[in-house]
Amino acid sequence: MRRHPHRGEASRQVTAVPVAERGAEIGRRIGVGLMYGLWKPRVLGAWRVPASGPVILAVNHSHNIDGPMVMGTAPRGTHFLIKKEAFIGPLGPFLEGIGQLKVDRTVADRAAITDALAVLERGGVLGIFPEGTRGDGDFASLRAGLAYFAVRSGAPIVPVAVLGSTERRGRLIKGLPPLRSRVDVVFGDAFQADDGGGRRTRKALDEATVRIQDRLTGHLEHARRLTGRRTPGA
C-alpha cells in the first residue's frame with residue numbers, strides 16, 4: 001500500500017473549488033491546523049479519494065474527534081452529516097459556515113437528505129458515520145442512510161478507519177486523546193454500493209447495505225493489520 005504519513009498528503013488540493021465548496025475547504029484547512037497541531041495523525045491511502053466528482057466517506061465512529069480528524073486529513077473539503085444537538089450556541093453558525101450539515105436523527109429529516117444529495121449533485125464530498133451514532137466504531141450495525149445516498153446519487157464510497165482516538169485519555173483534557181499522541185486514519189479503495197442494475201427498491205437498498213457492511217468491515221480489519229491496532233479505538 002502506498003503511504004502518505006505526512007501533512008503534505010492532507011494539504012493536497014483539487015483545482016477549481018466551486019463556490020458552494022469554499023466553506024468545506026475552509027473547514028478542511030482549519031482541521032489540518034488543529035489535528036496536526038494537537039495530535040500526530042498518520043494518514044494512509046488518502047490518494048484513494050477521487051480528486052474530483054461526488055464521493056461518500058464512510059467513517060467508523062468511536063470518539064468525537066473522528067469527524068474533525070477526517071476533515072483535517074482528507075484531501076478534499078468534507079460535508080459531514082452531524083446531529084443537530086451539536087449546533088448549539090456559537091458552534092452552530094461556525095459548523096454551518098464550514099459546510100457541515102445538520103440532521104435530526106429522531107425523524108426522517110427531509111431537509112438534511114436534500115442538503116446531502118445536493119452536496120453529491122454538485123460533485124462534493126459527503127461524510128457519513130454509517131452506524132448513526134458514536135459507539136464501538138466497528139461497523140457492526142449500519143443504518144440504511146449510507147446505502148440510500150450511495151444508490152440514489154451513484155457516488156462511490158470510500159471507507160475510512162480512524163484508529164487510536166480512544167486508546168488513552170489525555171491528562172489535561174480527559175475526554176480527548178493525549179496531546180501529540182498518534183491517531184491513524186486509513187482510507188480504503190472506492191467502490192460502488194449498487195449492483196449496477198439501477199434499482200432503487202427497498203430490496204435493492206437492503207442488498208446494498210449488506211454489500212457496504214462487508215466492504216467496511218473488511219477495510220477495518222485490513223486497517224487494523226496495517227497499523228497494528230487491535231480495536232478501532234486502540
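Keep in mind the model is a prediction, meaning the values are calculated, not measured.
- Exactly one residue among Arg215, Arg48, His222, His219 makes a side-chain hydrogen bond (donor to acceptor under 3.5 Å, both in side chains) with Asp189. That residue is Arg48.
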Chi angles and distances behind the side-chain contact (heavy atoms from CB on, under 4.5 Å) call for Leu44, Thr227: CA-CA 9 Å; Leu44 306 176; Thr227 61; 4.1 Å; yes
Check against side-chain contact (heavy atoms from CB on, under 4.5 Å), Asp184 and Val162: CA-CA 6 Å; Asp184 293 321; Val162 180; over 6 Å; no
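- Interatomic distance, CG of Asp66 versus OG of Ser165, reported as 4.0 Å (0.5 Å rounding).
- In this structure, CD on Glu121 lies 9.0 Å from OG1 on Thr114, to the nearest 0.5 angstrom.
- Remark: the backbone N or O of Gly99 is paired with a side-chain donor or acceptor of His79 at under 3.5 angstrom.
- The two residues Glu21 and Gly124 come nearest to each other via the heavy atoms OE1-CA, 3.9 Å.
- When all heavy atoms of Gln100 and Ile98 are compared, the closest pair comes out as NE2-O, 2.9 Å.
- To the nearest 0.5 Å, atom CZ of residue Arg182 and atom CG of residue Leu163 are 9.5 Å apart.
- Atom CG of Leu176 is separated from atom CG of Asn64 by 8.5 Å, given to the nearest 0.5 angstrom.
- In this structure Leu91 satisfies the side-chain contact (heavy atoms from CB on, under 4.5 Å) test together with Phe94, Leu95, sequence neighbours excluded.
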Residues 146-155, side-chain donor-acceptor partners within the protein, below 3.5 Å, at least two apart:
unit_1, atom_1, unit_2, atom_2, d
Tyr148, OH, Arg152, NH1, 2.6
Ser153, OG, Phe149, O, 2.6
Ser153, OG, Ala155, N, 3.1

Verdict with reasoning, Phe191 to Val158, per side-chain contact (heavy atoms from CB on, under 4.5 Å): CA-CA 7 Å; Phe191 67 93; Val158 172; over 6 Å; no
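- Partner of Asp104 under the salt bridge (Lys or Arg N to Asp or Glu O under 4.0 Å) criterion, out of Arg110, Lys83, Lys84: Lys84 alone.
- Asp109 and Lys102 get closest at one heavy-atom pair: OD2-O, 4.1 Å.
- Formation of a donor-acceptor pair under 3.5 Å by the Arg180 side chain with backbone atoms of Gly37 is found in this model.
- Val210 and Leu216 are assigned to two separate hydrophobic clusters, defined by single-linkage of ILVMFWY side chains at heavy-atom distances under 4.5 Å.
- Scanning both residues, Ile82 and Ala86, for their nearest heavy atoms gives CG2-CB, 3.7 Å.
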Full working for side-chain contact (heavy atoms from CB on, under 4.5 Å) between Met69 and Val185: CA-CA 8 Å; Met69 185 62 67; Val185 184; 3.6 Å; yes
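- With salt bridges taken as basic N to acidic carboxylate O contacts below 4.0 Å, none links Glu25 and Arg22.
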